[in-house]
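To start, the structure under review is shown below, and the notes come after it.
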Amino acid sequence: MHFSDVIAFFKPHKTVPIIPWRADHRWQLSLSRVAILFFGLAIFGLGDSLLVQGDVGNAPWTVFSQGLTYKTGLSIGWATAIISIFVLLIWIPLNEKPGFGTLSNIVLIAAFIEIGTHIFPKQTSTLAGVVFALVGIAMVGLGSALYITCGLGPGPRDGAMTGIHFKTGIRVGRVRMGIELVVLTIGWLMGGRVGIGTALFALLIGQSVAIFLGIVARLTRK
């Protein structure tokens, strides 16, 4: 394999590809599709937990979750699940409808963040923390690519983002940025960890998801 082939293999994908396991509707379940969905959500949650344990700054929503743990005494997994449920309530006035993937997202990502924070050691050096953050971002990208391509419904946060976009006409990127700035600020004010890991996540997560969408598309191409 030439270097150009390697570069082409990791080229980011511009859209969500149509792949063999994609569902036609949000409740079209099969054993293989559900297994891919669950695996993707588990990888996503473990990746997010690496950012937490890296201790150099979390993803914006995890900053919010961590801040809530400091204020309530909840574990970070429970805090994540409760926030997801409240975000799902925003779907009601937006006329968004959840799918199997939406509900699975709430349960599994929270569960695997909780598991990851117990199995991965908290890092004490900045270098190790940055490595944890970079691996975590890659895992969140892979997990996102797998669960999104299943077509079983977006997670609560993504559904709120697209719902607000369709209701208001504001560009989806601006909606996403606005939401994340709000939750990041609230989480930071409650004591959630903001730092270089937060900046790396903001800069790299879009490319991470796009790269893994491209990899999934190329590996499943007939």
Side-chain angles (χ1 to χ4, degrees), residues 12-49 51 59-62 64-65 76-116 136-167 172-173 175-176 179-180 183 201 205-206 208-217 219-220:
H13 212 270
K14 293 181 180 179
T15 61
V16 177
I18 304 298
I19 40 74
W21 59 72
R22 184 175 180 83
D24 293 324
H25 60 80
R26 294 180 177 186
W27 291 92
Q28 185 184 30
L29 307 182
S30 71
L31 185 60
S32 60
R33 187 174 298 122
V34 170
I36 292 167
L37 172 73
F38 284 3
F39 179 70
L41 293 173
I43 293 295
F44 187 116
L46 291 173
D48 220 341
S49 75
L51 281 146
W61 281 99
T62 312
F64 189 17
S65 298
I76 196 162
W78 275 109
T80 300
I82 288 168
I83 288 169
S84 295
I85 292 167
F86 274 97
V87 173
L88 193 61
L89 295 177
I90 298 172
W91 285 33
I92 296 171
L94 296 174
N95 296 321
E96 287 288 315
K97 293 180 174 59
F100 181 78
T102 309
L103 304 181
S104 300
N105 183 295
I106 293 173
V107 175
L108 289 179
I109 288 180
F112 278 92
I113 289 175
E114 185 74 18
I115 291 168
I137 291 165
M139 289 176 66
V140 170
L142 171 59
S144 297
L146 291 174
Y147 104 75
I148 289 169
T149 52
C150 288
L152 293 172
R157 298 158 182 80
D158 292 331
M161 173 188 69
T162 54
I164 291 170
H165 161 65
F166 289 129
K167 277 287 185 182
V172 69
V175 173
R176 178 65 176 263
I179 291 172
E180 300 224 341
V183 300
F201 189 91
I205 189 57
S208 178
V209 174
I211 287 168
F212 281 107
L213 284 173
I215 290 171
V216 168
L219 289 177
T220 57

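Numbers for residues simply follow the sequence, beginning at 1. Bear in mind that the values here come from a model prediction, so they are computed numbers and not experimental data.
Ring-plane geometry between Phe100 and Trp27 is classed as perpendicular, the angle between the planes exceeding 60 degrees on a 0 to 90 degree scale with a lower cut at 30.
Looking at residues two or more places apart in sequence or on another chain, you find a side chain to side chain donor-acceptor pair (under 3.5 Å) between Arg157 and Ser84. Under the side-chain contact (heavy atoms from CB on, under 4.5 Å) criterion, Ala217 pairs with His13, Pro17, sequence neighbours left out. With sequence neighbours left out, the side-chain contact (heavy atoms from CB on, under 4.5 Å) criterion links Ile137 to Leu51, Leu200, Phe201, Leu204, Ile205, Ser208. Residues meeting the side chain to side chain donor-acceptor pair (under 3.5 Å) test with Thr62, sequence neighbours left out: Asp48. Not counting sequence neighbours, the partners of Ile211 by the side-chain contact (heavy atoms from CB on, under 4.5 Å) test are Phe10, Pro12, Ile215. Take Ala23 and apply the side-chain contact (heavy atoms from CB on, under 4.5 Å) test, not counting sequence neighbours, and it matches Gln28, Arg33, Leu152.
Nearest heavy-atom pair, Pro156 versus Val87, reported as atom, atom and distance to 0.1 Å: O-CG1, 3.5 Å. Residues Leu94 and Lys167 come closest through the heavy atom pair CD2-CG, 3.6 Å. Here the closest heavy-atom approach between residue Glu114 and residue Ile76 is recorded as OE1-N, 3.7 Å. Nearest heavy atom pair, residue Ser49 against residue Gly116, reads OG-CA, 3.2 Å.
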Under 3.5 Å, side-chain donor or acceptor atoms of residues 144-151 against the rest of the protein: list the pairs with distances, not counting sequence neighbours.
| residue | atom | partner | partner atom | Å |
| --- | --- | --- | --- | --- |
| Ser144 | OG | Val140 | O | 2.7 |
| Tyr147 | OH | Gly155 | N | 3.4 |
| Tyr147 | OH | Asp158 | OD2 | 2.9 |
| Thr149 | OG1 | Trp21 | NE1 | 3.1 |
| Thr149 | OG1 | Ala145 | O | 2.8 |
| Thr149 | OG1 | Leu146 | O | 3.0 |

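For residues 138-149, no residue pair satisfies the salt bridge (charged side-chain N to carboxylate O under 4.0 Å, His left out) rule, not counting sequence neighbours. Within the structure, no pair that satisfies the side-chain hydrogen bond (donor to acceptor under 3.5 Å, both in side chains) test touches residues 87-111, not counting sequence neighbours.
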